[in-house]
Amino acid sequence: MENRTMQFILVLSGLSDLPSLQLPLFLVFLLVYLMTMTGNLLIVLLICTDSHLQTPMYFFLGTLACLDMGYSSVTIPRMLFDFHTQKRLISIQACITQIYFFVFFLISECFLLAVMSYDRYVAICRPLHYTQIMHWKTCVLLVLAMLIFSVLYPMIHVLLLLKLNFCISKPLQSFFCDLPQLLLVSCSDTFINVLLIFILAILVGGGIFTLTFCSYIIILNTIMKMQSKAMRSKAFSTCSSHLTVVFIFYGTAFFSYFHPNSNDHSSLDKVASVFYTVLTPLVNPLIYSLRNEIMKISLKRALRDLIILRGKNVFK
């Protein structure tokens, strides 16, 4: 059979079909995107310039901020383009490319959250060995291994997608190209694709999820055994922001992907997708800056230095 993948154009259902909502939605998501990029970039700059933040914990936090900027840039600019043109058309090549980068940043963030949970485990449960275990070489190797795996992992799905024919003009019930949604509009046999998603989700996703939450269970158990209330409060404050981000990320992702398929769920799916693709990268820097005293002190110090520098320039 002739492969019709290269000629086929897909239609995204988007968030709303109402023409009157396209401009308000464009402005809202443009503001969200600008705030996301600004907040995460600010965290990266603070960590790079403040010597007090150049520790393994903040190294991972800076990496998370970089991933969140990429994660947002995979979906929101395309969404803004669709709001502006009101066409919501995308080629198969562009769709598969978006899926590759979306899965890359998704699996990278899952891995990084697991690494960050392990970092907090060592810091709280084995504080005397923290510097020996989490030295800079280990941190860099962990991030490097995460990135290498995340580059290779989506290639498996992409190579299988390139063998499919897409000949059903059914819109994708999403505002971006999502792998399960794309398989629904294929006229080829997608059994291998679905089976691979299921197996990898159990092996890779289940493994990462288990490592992440087992670390926090051990951490919470250790905190509860601490005799000093001040020590418990300090230890919990160091991982509470991580836990908040983990629950938001996994909670919305599980709701979106792990419930019975039904047409009645399409609107709820889109809301959940907005949370874990758009709002999670936005709230991450807010959570880490508002719930982390060291980050707040660093931000105040940077603002104070900026004001002093501007004052000196004015009086020159």
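Quick caveat: nothing in here was measured; it's all calculated off a predicted structure.
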Calculate, to the nearest 0.5 Å, the distance between atoms [atom1] and [atom2] belonging to [X] and [Y] respectively.
X: T55; Y: D119; atom1: OG1; atom2: CG; value: 8.0 Å
X: T75; Y: Y276; atom1: OG1; atom2: OH; value: 9.5 Å
X: L282; Y: L31; atom1: CG; atom2: CG; value: 8.5 Å
X: L113; Y: I208; atom1: CG; atom2: CD1; value: 9.5 Å
X: L172; Y: C95; atom1: CG; atom2: SG; value: 5.5 Å
X: H157; Y: I96; atom1: NE2; atom2: CD1; value: 13.0 Å

Checklist line | Whether over 12 other heavy atoms sit under 6.0 Å from H135 NE2 | finding: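 Yes, the 6.0 Å shell around NE2 holds more than 12 heavy atoms from other groups.
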
Notebook entry, point to check: Got more than 12 heavy atoms from elsewhere within 6.0 Å of OH, Y130?
Noted result: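 Yes, OH of Y130 has more than 12 neighbouring heavy atoms, counting only those of other groups under 6.0 Å.
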
Cluster check [X], [Y]: I/L/V/M/F/W/Y, side chain < 4.5 angstrom:
X: I287; Y: F247; result: yes
X: V274; Y: L21; result: yes
X: L211; Y: I218; result: no

Check: Any side-chain donor paired with an acceptor under 3.5 Å for D50 and Y58?
Finding: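 No.
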
Check: Do T212 and Y118 get their side chains close enough for a donor-acceptor pair, meaning under 3.5 Å?
Finding: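 No, Y118 and T212 have no side-chain donor paired with an acceptor closer than 3.5 Å.
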
Looking at every non-hydrogen atom in both residues, tell me the closest pair between [X] and [Y] and how far apart they are.
X: L46; Y: M295; result: CD1-CE, 4.2 Å
X: I76; Y: F29; result: CG2-O, 3.8 Å
X: F60; Y: L112; result: O-CD2, 3.6 Å
X: L12; Y: S174; result: CB-O, 3.7 Å
X: M69; Y: N40; result: CG-CB, 3.6 Å
X: V44; Y: C66; result: CG2-SG, 3.9 Å

Are the side chain of [X] and the backbone of [Y] linked by a donor-acceptor contact shorter than 3.5 Å?
X: S188; Y: N165; value: yes
X: S150; Y: M146; value: yes
X: S117; Y: A114; value: yes
X: S91; Y: A94; value: yes
X: D189; Y: F191; value: yes
X: N284; Y: A65; value: no
X: S186; Y: F166; value: no
X: Q22; Y: L18; value: yes
X: Q54; Y: C48; value: yes
X: T63; Y: F59; value: yes

Is the [X] ring parallel, tilted or perpendicular to the [Y] ring (thresholds 30°, 60°)?
X: F104; Y: Y100; value: parallel
X: Y250; Y: F213; value: perpendicular
X: F102; Y: Y71; value: parallel

Notebook entry, point to check: Does R88 pair with D17 as a salt bridge, N-O distance under 4.0 Å?
Noted result: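 D17 and R88: salt-bridged.
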
Next item on the list: Start with the C-alpha distance between I90 and I9, add both sets of side-chain angles, then the distance that settles side-chain contact (heavy atoms from CB on, under 4.5 Å), and finish with yes or no.
Entry: CA-CA 6 Å; I90 187 169; I9 300 295; over 6 Å; no

Check: How about F149 and F111: are their ring centroids closer than 6.0 Å?
Finding: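 Ring-ring flag for F149/F111: true, centres closer than 6.0 Å.
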
Notebook entry, point to check: Mind checking whether D178 and Q173 have side chains closer than 4.5 Å, heavy atoms only?
Noted result: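 No; the side chains remain at least 4.5 Å from each other.
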
Next item on the list: Report yes if the side chains of L164 and N193 come closer than 4.5 Å at any heavy-atom pair, otherwise no.
Entry: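 A side-chain contact under 4.5 Å exists here.
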
Margin query: M116 and side chain to side chain contact (heavy atoms under 4.5 Å, CB included): which single residue from V246, V245, L64 fits?
Written below: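 Among V246, V245, L64, the one meeting side chain to side chain contact (heavy atoms under 4.5 Å, CB included) with M116 is L64.
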
Check: Could you go step by step and tell me if T222 and Y121 meet the side-chain hydrogen bond (donor to acceptor under 3.5 Å, both in side chains) rule?
Finding: CA-CA 9 Å; T222 302; Y121 159 75; over 6 Å; no

